[in-house]
Amino acid sequence: MARMKFICDAERCIECNGCVTACKNEHEIPWGVNRRRVVTLNDGVPGEKSISVACMHCSDAPCMAVCPVNCFYRTEEGVVLHDKDVCIGCGYCSYACPFGAPQFPASGTFGVRGKMDKCTFCAGGPEANGSEAEFDKYGRNRLAEGKLPACAEMCSTKALLAGDGDVVADIFRNRVVKRGKGAEVWGWGTAYGTQQQAAAPTGTKS
Amino acid sequence: MLLTKKPHAGTPARAEGARSPFVHSLQRGLSHALPTLDRRSFLRRSGLGVGVGLAASSLTLVKKAKAAEGRETAVGQGKVEIKRTVCSHCSVGCAVDAVVENGVWVRQEPVFDSPINLGAHCAKGAALREHGHGEYRLRYPMKLVNGKYERISWDQAYNEIAAKMQELRKASGPDSIFWIGSSKHNNEQSYLMRKFVSLWGSNNCDHQARICHSTTVAGVANTWGYGAMTNSYNDMQNSKAALYIGSNAAEAHPVSMLHMLHAKENGTKMIVCDPRFTRTAAKADQYIRFRSGSDIPLLFGILYHVFKNGWEDKKYINDRVYGMDKVREEVLAKWTPDKVFEASGVPEDQVFKAAETLAMNRPSTIVWCMGQTQHSIGNAMVRATCILQLALGNIGVSGGGANIFRGHDNVQGATDIGPNPDSLPGYYGLAEGSWRHFAKGWGVDYDWIKARYASPTMMTKPGMTVSRWIDGVLEKNELIDQDSNLRGVVYWGHAPNSQSRGYEMKKAMDKLDLLVVIDPYPSATAAMAAMPGKEGDLNPNRAVYLLPAATQFETSGSVTASNRSLQWREKVIDPLWESRSDHMIMYQLAEKLGFGKELVKNFKMQKVKGLDEPVPEDILREINKTNWTIGYTGQSPERLKAHMRGMHMFDVKSLRAKGSWVDKETGYDIAGDYFGLPWPCYGTPELKHPGTHVLYNTNQHVMDGGGNFRANFGVEKDGVNLLAEDGSASKGADIQTGYPEFDHVLLKKLGWWDELTDAEKALAEGKNWKTDMSGGIIRVAMKNHGCHCFGNAKARAIVWNFPDGIPQHREPIYSTRPDLVAKYPTHDDKKAFWRLPTLYKTLQQKNLADNVAQKFPLILSSGRLVEYEGGGEETRSNPWLAELQQEAFVEINPKAAADRGIRNGEFVWLHSPTGAKLKVQALVTERVGPDTVWMPFHFSGRWQGVDMLPYYPAGAHPVVRGEAVNTATTYGYDSVTMMQETKTTICNIERFTA
Amino acid sequence: QANQPADSTTAGARPAAPAAAAASAPAAGGLGGIQGQNIFTIKDASNEPDYAKQTNGERAKVQPGNNAPMWRAVGAGAQGYTSLPKSEAPEAGVLVQPFVTYPGSRHTTAGEAWRQVRNNWLIPYGGSLVLIVLGALAIFYFARGPLGHSDALDGGARIERFTPFERAAHWANAIAFSILAISGLVMAFGKFFLLPLIGGQLFGWLTYALKNLHNFVGPLFVVSLIIIFVTFLRDNFPRKGDMRWALRLGGMLSRDPNGELPSHRFNAGEKLVFWGGVLLLGFFVTTSGLVLDKLWPAITYDRQAMQYAHMVHAVSTMLMIVVFLGHIYIGTIGMRGAYTAMRRGWVGEAWAKEHHAYWYDDIRAGKIPAERSTQPAVPAEPARAA
Ligand SMILES: Nc1nc2c(c(=O)[nH]1)N[C@H]1C(S)=C(S)[C@@H](COP(=O)(O)OP(=O)(O)OC[C@H]3O[C@@H](n4cnc5c(=O)[nH]c(N)nc54)[C@H](O)[C@@H]3O)O[C@H]1N2
Ligand SMILES: Nc1nc2c(c(=O)[nH]1)N[C@H]1C(S)=C(S)[C@@H](COP(=O)(O)OP(=O)(O)OC[C@H]3O[C@@H](n4cnc5c(=O)[nH]c(N)nc54)[C@H](O)[C@@H]3O)O[C@H]1N2
Ligand code: HEM
Ligand code: HEM
Ligand code: SF4
Ligand code: SF4
Ligand code: SF4
Ligand code: SF4
Ligand code: SF4
Ligand SMILES: [Mo]
């Protein structure tokens with residue numbers, strides 16, 4: 001079974017936020033919850049690079065490990081999902097997540113955050129595929145429709161790649177070879193573990 | 001290497017039935033607790049489901065897809081339709097599939113098949129579906145009564161507006177109303193708008209192109225023929241080098257970067273010249289920072305190295321360019337590296353490197369946009385760029401070209417066939433011949449139209465421009481070149497905060513007798529009009545009306561992308577609330593004004609929500625029938641629709657159909673066509689001209705989209721041949737040298753006249769290719785003989801009919817550099833220029849005398865953020881976008897900030913020499929140099945520190961409001977087109993104090 | 001910042017002479033210094049001056065595409081730019097949590113480190129600790145049985161041990177504590193013992209309720225704890241005899257039924273609970289709890305703050321639970337009469353004498369009134385607390 005993965009190509013990402021609004025649009029995400037966001041480093045100076053980041057669907061997911069109610073689960077495709085009926089909104093997953101993926105609809109005074117929400121890799125949640133309940137709580141289930149995540153499909157420059165880890169790594173490797181630069185696969189090691197890094201192109205490191 | 005769909009599309013990720021292991025464990029867990037109940041009934045019975053109120057409220061994170069008027073649809077029920085439309089935000093023209101369920105736009109899918117965007121979108125395109133919510137739109141007609149907007153009926157609105165218009169017409173003539181049309185209108189609406197204003201009897205109409213690419217259009221058309229992007233975003237994949245000057249494509253045309261970044265991976269070198277280190281610059285191989293407004297020194301600095309090293313394409317220049325020798329002399333003498341450095345601040349080595357990259361990596365392309373156009377010498381700047389490309393032999397070459405990225409989704413189309421004050425659709429001009437041509441096309445008596453005008457002179461005199469309507473109101477009557485001042489203004493799809501001198505605009509708006517705003521989001525204008533102004537400015541008789549227009553998703557029609565491709569938008573949903581489509585409003589208003597029949601003579605009507613609306617297809621057919629000049633004749637609705645359905649057949653690099661494909665509905669075979677039949681698509685649709693992907697390309701046959709430069713400026717100038725030299729012609733042309741444009745005389749002389757059918761002969765007699773309604777002249781010249789209907793001439797490096805035939809650097813009227821003003825002064829004042837007196841030298845000198853450069857030592861520039869568009873009211877009303885940019889800001893260099901004790905994120909006062917001041921947040925960044933500050937121009941809704949919320953029509957206000965930079969911008973207009981100077985003005989900044 | 005690129009010019013600056021023409025000579029064979037884009041031409045630039053200190057822009061000049069300086073900064077938790085406002089998303093600019101080493105974790109991203117601390121230490125050891133203490137108390141109970149002979153109200157005149165106010169404060173506190181402890185324990189360990197028992201759905205709702213209860217009762221507990229502290233402060237100062245009591249653990253372990261050592265109103269054990277349990281652990285529990293509740297003013301509630309607060313909270317609450325398990329044990333089944341004393345407020349002379357001999361002596365001597373709640377002359381504890 002394919003293992004779903006994200007790669008964001010810093011040499012291509014132009015911080016256009018297309019991925020962000022694509023996600024909002026597809027899942028009707030309210031103001032204040034950002035399943036995906038774009039971060040620009042060295043903003044305004046040479047060397048500026050942008051990265052779009054959401055849940056990386058980690059292999060050994062810290063969020064999953066700390067959740068006090070075990071509401072996370074992993075699909076056969078390696079997508080890390082959670083059950084909002086079970087979630088207690090404790091915020092632990094957000095403390096644990098290296099990428100800042102988990103989001104909460106409320107501010108958190110008195111610890112009231114509401115149910116956690118995060119990128120589902122457009123794979124919905126535990127409800128029946130494509131059901132209204134699933135849509136209400138988790139947004140669309142594109143994977144079940146045979147589609148890939150909305151954010152990556154709509155990425156303006158195809159910087160954001162999503163899909164079968166082998167395929168996206170191939171595409172990325174191809175680009176790296178062609179341009180001979182910008183080889184880091186951001187977040188790969190952290191999210192998918194170092195043993196899998198062999199599958200990902202290795203970059204110029206100093 | 002573009003990732004599209006999951007290869008095994010269709011296979012559900014988690015097959016129904018085989019639930020995830022988690023669900024199993026869930027069920028197992030439950031069955032421990034209560035073996036016989038399923039989870040839901042358990043929750044219900046145990047009361048847990050309702051008991052935890054807190055939980056319930058925060059549980060449903062996602063809103064239901066909801067419709068206007070409270071129509072709610074459940075997901076997964078009802079009739080589902082897919083409508084193919086096109087993003088209405090920028091000129092890239094990204095296609096979108098709208099999923100409509102029971103009349104509600106519930107989803108948006110990327111169109112991977114589109115050769116333009118391959119499914120890609122920027123923030124605006126990816127948030128397009130919000131138009132189907134339209135939460136913050138104007139819902140019904142409104143009228144300003146005692147400072148508040150009140151709801152009225154459409155009938156009341158029409159009656160009152162029409163009465164007022166007739167009153168103004170009677171008292172002050174038809175030219176007392178200024179009609180501001182829109183680049184947001186589709187081609188049919190833009191065209192109808194020009195027709196509407198003509199039948200009203202005035203040339204006082206304009207639209208965004210004036211303040212966008214008017215200088216480009218004028219400069220480029222006068223250089224080689226057509227005022228448009230020569231190549232395409234896609235074709236940039238063929239470039240070996242690309243220079244972006246004054247374009248921030250990564251924010252303004254994000255999806256164009258898809259092609260460029262792909263090209264870069266294949267070795268294309270990318271150079272960005274910009275006063276700001278933009279997001280585009282971040283992707284460049286070389287970035288050149290230069291002083292805003294010094295494009296000509298920089299470009300000619302590059303050209304200097306080209307000439308000095310003999311890198312120019314000598315054969316190409318000899319065969320196809322007029323006047324390059326004189327330019328060469330002047331550049332070598334005037335723009336030596338020290339002068340370039342003095343004026344632009346760019347050291348020689350950087351200029352040299354850019355020149356070398358462009359020369360050594362041909363074909364090389366140049367991209368420009370607002371950085372070059374929005375200047376009082378914009379027309380000269382763009383021509384300097386053209387000259388550089390001509391010197392390098394890059395025009396008419398795949399991979400080369402002048403890739404002029406246009407602005408709004410249909411600004412190209414509206415420029416081509418829309419409400420321009422100086423021409424009829426298709427750049428036909430205002431001469432009697434043009435009028436007769438159109439009168440015939442419209443089926444309206446020429447003399448009837450003539451009688452509608454104040455006088456025959458006013459019929460052929462270009463109108464005022466949108467950039468200056470405020471002067472049309474405020475200027476002394478004796479100084480303006482029409483009888484009455486402007487007394488009424490109709491904003492028909494245009495924002496107010498996009499025109500400069502907003503501070504004075506408030507006064508002009510108060511003085512009006514009539515202000516009508518027809519827009520889905522008329523709110524910026526509405527609020528500005530309702531806000532109390534200065535004592536005594538307000539005209540007590542002023543009437544203000546707001547009419548809710550439908551968006552482009554509530555109607556159908558064609559839209560022209562920057563690369564000149566036309567795409568057909570299907571109607572996605574019915575007009576929301578009480579809104580109506582623009583062409584319906586035009587028709588209904590014309591009826592009230594008494595020329596409804598004339599307006600829609602050639603059109604059938606269709607019912608929309610029970611009301612008559614002209615059929616867009618019919619309007620397009622009328623366009624096809626009349627706009628021969630620019631080849632808007634081949635794009636029949638049938639062909640366009642076939643292209644939209646057969647998108648997958650077009651090659652991404654060449655945009656050409658990869659083979660034969662027959663559209664089921666129209667039976668049309670797209671074989672050989674370029675995607676969207678990029679204009680010029682000559683002749684009748686039956687001629688099957690494929691459209692033109694790369695303009696002026698002699699390497700192709702004219703019936704394959706090949707061409708050459710246009711013969712539009714005579715055959716010789718001062719004894720120098722203006723036609724192309726021997727041997728230079730499009731591939732396969734029967735005439736292998738320069739030749740003039742085709743008309744009945746030339747055809748006869750060549751002995752080709754008899755190749756016309758008798759019917760064609762009847763229509764072509766006494767006509768040229770532009771006025772021959774049969775298309776026969778074009779057919780014979782192009783199809784039978786491979787010759788270009790518009791002749792074969794040289795491009796002009798010297799445009800002698802412009803103020804500066806050879807582009808000259810001139811300092812802006814508000815400059816921070818008195819030393820350079822002395823060396824490069826501006827033009828002399830102009831008297832009746834587009835009907836208005838226009839200041840250059842006197843104001844520049846006054847500024848020198850007043851020492852404004854010392855009081856306002858910072859260059860103020862402005863431009864775009866990716867999330868917002870134009871004046872921004874529309875995009876700031878879209879919560880998905882608004883969340884991403886919540887505060888107006890000014891970028892300021894750390895040094896300039898430190899000098900003023902300003903820290904990042906603090907509020908500052910930005911002072912303009914006009915006396916206006918803006919309260920904005922400081923974004924301290926090295927993106928700008930210490931002498932420049934930059935503001936996004938998309939904000940409105942705050943006025944000199946005050947929130948304008950109370951003045952908005954109830955419910956129709958944008959989510960995010962901020963200070964508009966144009967409240968602070970100053971006087972300054974292009975010496976050819978009246979483009980406003982919004983890229984280079986001056987200001988000072990101080991820490992905010994209440 | 002050395003970010004001013006060599007490629008850019010400070011527009012408007014006017015150096016005396018035009019740039020040296022020599023610099024413009026094209027590099028031999030190259031393209032005016034433009035770096036090749038081919039992977040094979042990426043040169044080894046490691047001996048460039050200050051190679052290690054280069055910014056990403058500088059590095060891009062000598063080694064195009066090598067973004068190592070930037071990724072290093074990212075690894076260190078550098079804040080990037082995001083268009084989301086700081087007020088709404090304070091940490092949106094952080095791509096990945098910085099590397100840290102928390103006590104007991106590897107050097108890794110903060111989130112992962114926190115997870116390691118929580119999941120590898122706090123949960124297993126904290127849980128074990130609670131279990132061990134429970135076990136120990138059980139063993140003690142079965143081995144030793146309840147301490148003392150006299151039931152509270154046995155024999156002799158009544159002495160008022162706790163005023164109604166004291167009792168009210170104590171019970172409020174006790175109830176809050178119990179709720180917090182139970183809900184906290186469910187949050188921390190429920191998934192090991194409850195989840196398999198009642199299933200995810202029910203467990204989810206239950207925990208959700210308990211978690212919210214915990215979050216709201218926490219602040220109440222803080223208030224009641226302060227009152228408790230103030231109320232019982234006076235009698236918990238160390239006094240003569242405490243040392244002896246403490247060294248021999250009050251004689252609790254001795255088999256001699258009359259072996260309990262004399263003490264004042266509170267014995268050294270109680271004082272230890274007071275100072276160590278109520279004050280010290282209470283301080284950490286409540287402050288960290290208030291941070292977790294986002295009630296502490298003027299802190300940025302970023303993830304690192306929450307991680308720290310959580311670790312402090314978890315450690316201190318586990319210890320507090322353990323301490324008060326002991327306290328509760330003694331206060332209920334562990335010692336005859338103690339519970340009645342706390343519930344009713346009165347004890348008999350026998351009980352007082354047996355357990356708090358010095359105190360009893362003082363009462364007998366009239367230094368302490370036998371009945372305080374009705375005597376307005378007594379220093380007004382409630383007033384002080386308020
Ligand atoms: N997101 C978004 N996209 C848009 C639009 C929008 O509003 N929002 N609008 C559309 C429209 S209408 C247009 S016209 C295009 C405009 O697209 P662009 O012209 O690319 O956008 P701008 O940001 O206006 O200006 C481009 C650059 O010009 C630079 N500049 C400033 N002064 C000078 C100068 O003197 N010389 C030179 N060479 N450069 C200078 C600015 O620093 C800026 O980076 O974008 C279209 N696309
Ligand atoms: N300082 C400064 N000023 C600038 C610029 C700059 O760079 N700096 N750029 C200039 C440029 S290039 C441009 S193009 C202008 C853009 O400025 P505008 O075009 O004035 O700005 P928009 O807000 O896009 O205005 C379009 C209006 O059309 C409405 N609209 C959308 N669809 C429809 C429709 O179907 N029918 C009708 N009737 N209305 C519709 C929208 O709601 C919106 O109110 O700004 C110019 N002004
Ligand atoms: C004696 C008292 C307390 C005990 C025994 C206690 C115990 C616990 C425990 C065991 C946890 C779970 C830790 C984990 O799962 O890793 C926890 C979490 C928490 N506690 Fe306490 N706690 C006490 C007091 C407080 C107080 C006084 C407050 C607030 C003022 C508080 C607020 C919190 C918060 C906010 C959490 C985080 C979990 C959430 O938000 O749901 N606690 N506590
Ligand atoms: C259900 C839980 C509890 C029970 C059954 C209980 C029982 C008792 C009893 C019986 C006494 C009286 C002992 C004596 O007379 O010497 C007492 C005293 C006391 N208790 Fe508790 N208690 C409980 C929880 C708590 C908690 C949570 C706290 C504070 C965090 C606390 C703080 C005190 C204090 C301060 C005293 C006075 C003695 C001293 O200073 O140590 N108790 N408790
Ligand atoms: S990115 Fe964060 S939320 Fe997503 S799986 Fe990894 S730890 Fe969990
Ligand atoms: S917030 Fe929800 S998902 Fe995250 S750890 Fe807590 S219970 Fe689990
Ligand atoms: S994968 Fe889907 S849910 Fe995740 S960020 Fe992308 S669009 Fe949003
Ligand atoms: S859509 Fe693509 S290019 Fe745009 S911000 Fe997202 S990842 Fe970057
Ligand atoms: S705004 Fe322009 S680039 Fe963005 S999606 Fe729309 S058409 Fe494409
Ligand atoms: Mo524009």
Side-chain angles (χ1 to χ4, degrees), chain A residues 10-11 15 17 31-32 34 37-51 53 62-63 65-71 83 85-92 94-100 107-112 176-184 186-187 190 203-206, chain C residues 3 5 7 37-40 42 46 55-57 59-60 63-68 70-71 73-74 78 80-84 88-89 91-97 109 111-112 114-115 118-119 187-188 190-191 195 200-201 203-204 207-208 211-212 215-216 292-295 301 303 306-307 310:
Chain A
E11 299 296 319
E15 206 247 354
N17 274 324
W31 188 290
N34 289 290
R37 67 189 196 280
V38 186
V39 176
T40 303
L41 296 140
N42 300 315
D43 187 49
V45 297
E48 175 184 301
K49 294 275 169 335
S50 301
I51 292 282
V53 60
C63 56
V66 298
C67 178
V69 291
N70 257 4
C71 76
D83 186 337
D85 290 345
V86 177
C87 169
I88 61 170
C90 65
Y92 289 3
S94 75
Y95 310 161
C97 171
F99 303 101
S107 78
T109 316
F110 282 104
V112 178
V176 170
V177 169
K178 273 173 125 181
R179 65 164 92 102
K181 57 190 244 180
E184 276 92 347
W186 184 77
T190 310
T204 39
K205 285 261 150 59
S206 78
Chain C
N3 277 328
D7 252 6
Q37 308 260 307
N38 190 298
I39 192 164
F40 301 113
I42 288 193
S46 48
T55 65
N56 204 46
R59 178 65 58 84
Q63 264 187 333
N66 183 345
N67 292 322
M70 179 181 81
W71 296 127
V74 168
Y81 164 89
T82 120
S83 64
L84 295 167
E88 283 184 17
E91 279 187 288
V94 180
L95 264 177
V96 62
Q97 293 189 347
T109 61
E112 171 62 19
W114 172 75
R115 161 204 176 169
R118 181 179 185 273
N119 287 15
M187 273 190 276
K191 75 173 168 189
L195 178 67
Q201 201 65 45
F203 178 65
T207 317
Y208 188 77
K211 179 245 162 194
N212 280 300
N215 290 169
F216 284 95
L292 288 172
D293 248 0
K294 295 202 180 178
L295 290 174
Y301 287 101
R303 285 168 287 179
M306 300 305 263
Q307 289 160 358
H310 174 274

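All chains are named by letter (A, B, ...) in the order of the sequence lines, taking the proteins before the strands, and each is independently numbered beginning at 1. Please read these numbers as outputs of a predicted model, since none were measured by experiment.
In this structure, CG on C:L84 lies 7.5 Å from CG on A:N17, to the nearest 0.5 angstrom. One finds the CG atom of C:N119 at 11.0 Å from the OH atom of A:Y92 (value rounded to the nearest 0.5 Å). Here the OH-CG distance, from C:Y208 to A:D85, works out to 11.5 Å after rounding to the nearest 0.5 Å. Residue C:L195 holds its CG atom at 5.5 Å from CG of A:N70, rounded to the nearest 0.5 Å. Considering SG of A:C97 and CZ of C:R115, their distance stands at 11.5 Å, rounded to 0.5 Å.
A distance-only check finds no donor-acceptor pair linking the side chain of C:Q97 to the backbone of A:A96 [under 3.5 Å].
Inter-residue side-chain proximity for A:E48 and C:Y81 is flagged as unmet; no heavy-atom pair is nearer than 4.5 Å. A heavy-atom distance below 4.5 Å is found between the side chains of C:F216 and A:V112. By the 4.5 Å heavy-atom criterion applied to side chains, C:V74 and A:V39 are not counted as neighbours.
Listed here is the closest heavy atom pair of C:K211 and A:I88: CD-O, 3.2 Å. What you find for A:V66 and C:R118 is that their closest heavy atoms are O-NH1, 3.4 Å. In this structure, C:R303 and A:Y95 approach most closely via the heavy-atom pair CG-CA, 4.3 Å.
Listed options C:A92, C:A78, C:G190 were ranked by heavy-atom pairs under 4.5 angstrom with chain A; first place goes to C:A92. Counting heavy-atom pairs closer than 4.5 Å to chain A, the top-ranked of the candidates C:A73, C:G80, C:S83 is C:G80.
With a threshold of 4.5 angstrom between heavy atoms, C:E88 approaches chain A through side-chain atoms but not through N, CA, C or O. With a 4.5 Å cut-off on non-hydrogen atoms, C:T109 touches chain A through its side chain but not through its backbone. Neither the backbone nor the side chain of A:C63 comes within contact range of chain C; no heavy atom of the residue lies under 4.5 Å from a heavy atom of that chain. Neither the backbone nor the side chain of C:A89 comes within contact range of chain A; no heavy atom of the residue lies under 4.5 Å from a heavy atom of that chain.
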- Item | Worked verdict on C:T82 versus A:R37 for side-chain contact (heavy atoms from CB on, under 4.5 Å) | CA-CA 8 Å; C:T82 120; A:R37 67 189 196 280; 5.6 Å; no
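In this structure, the side chain to side chain donor-acceptor pair (under 3.5 Å) partners of A:S50, at least two apart in sequence or on a different chain, are A:T40.
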